[in-house]
Amino acid sequence: LRLLHGESDLMCELLGAAQGIELRRPLKSSKAIEEIFAFIRGKVQFVDADRYMAPDINAVAKMVDDGYFTDKVGGLLPSSSDSGLPTLAV
């Protein structure tokens, strides 16, 4: 799996978010976020020591490619057409 620079940034953000949630335990987040967190943790374990992160980044990239996050977060954020913000035509 080959990632572009911006895509690898996104994977690192998702991994960092999962790490941060775990560091704040026993606090809980919303049901949707906890489901996403559990899914990430099912593929990538907590980072408790230095290690090579490419396998973790690739595991999260596969989740993105498989559409898991699109299915989960699609209803959480307003679409750009509903937000009143200008959109770019592609």
Side-chain angles (χ1 to χ4, degrees):
L1 185 63
R2 184 182 167 111
L3 299 174
L4 300 174
H5 179 67
E7 292 172 330
S8 63
D9 289 348
L10 172 63
M11 304 319 141
C12 291
E13 289 290 335
L14 289 166
L15 288 169
Q19 195 75 7
I21 288 171
E22 194 134 10
L23 291 170
R24 298 294 297 172
R25 293 293 189 217
L27 299 175
K28 294 284 186 182
S29 191
S30 69
K31 181 181 178 207
I33 297 297
E34 289 293 335
E35 287 175 9
I36 292 169
F37 168 79
F39 190 77
I40 291 172
R41 280 295 179 242
K43 307 287 183 190
V44 177
Q45 297 304 308
F46 179 76
V47 179
D48 58 355
D50 285 344
R51 68 174 187 238
Y52 186 61
M53 296 297 294
D56 297 341
I57 293 168
N58 287 335
V60 175
K62 180 158 177 21
M63 292 177 213
V64 171
D65 279 351
D66 290 347
Y68 177 79
F69 297 105
T70 303
D71 294 343
K72 287 292 182 186
V73 301
L76 295 177
L77 300 173
S79 71
S80 59
S81 62
D82 294 338
S83 68
L85 298 174
T87 59
L88 297 174
V90 241

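Numbering starts at 1 and runs along the sequence shown. We use all heavy atoms of the structure for the numbers below, so side chains are in, but hydrogens, waters and symmetry mates are not.
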Spacing of S30 atom OG and E35 atom CD [to the nearest 0.5 Å]: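 Interatomic distance, S30 OG to E35 CD, rounded to 0.5 Å: 8.5 Å.
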Gap separating the NZ atom of K31 from the CD1 atom of I36, nearest 0.5 angstrom: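 K31 NZ to I36 CD1: 12.0 Å, rounded to 0.5 Å.
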Residue pairs, two or more places apart or on separate chains, that pass ring pair (Phe, Tyr, Trp, His ring centres under 6.0 Å) and touch residues 16-45: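 Sorted result for residues 16-45: F39-Y68.
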Residues in side chain to side chain donor-acceptor pair (under 3.5 Å) contact with [X], at least two apart in sequence or another chain:
{"X": "Q19", "answer": "R41"}
{"X": "D66", "answer": "K62"}
{"X": "E13", "answer": "none"}

Transitive ILVMFWY cluster of F46, excluding itself - 4.5 Å side-chain cut-off: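 Answer for F46: L23.
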Neighbour count >12 (heavy atoms, 6.0 Å) for atom CZ, R25: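 Check passes, neighbour count above 12.
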Pairing residues for D48 by the salt bridge (charged side-chain N to carboxylate O under 4.0 Å, His left out) criterion, not counting sequence neighbours: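 For D48, no residue satisfies salt bridge (charged side-chain N to carboxylate O under 4.0 Å, His left out) once neighbours in sequence are set aside.
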Non-neighbouring partners of R51 that pass salt bridge (charged side-chain N to carboxylate O under 4.0 Å, His left out), sequence neighbours left out: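 Partners of R51 under the salt bridge (charged side-chain N to carboxylate O under 4.0 Å, His left out) test: D56.
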Distance-minimising heavy-atom pair for I40 and L14: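 In terms of heavy atoms, the two residues are closest at CD1-O, 4.1 Å.
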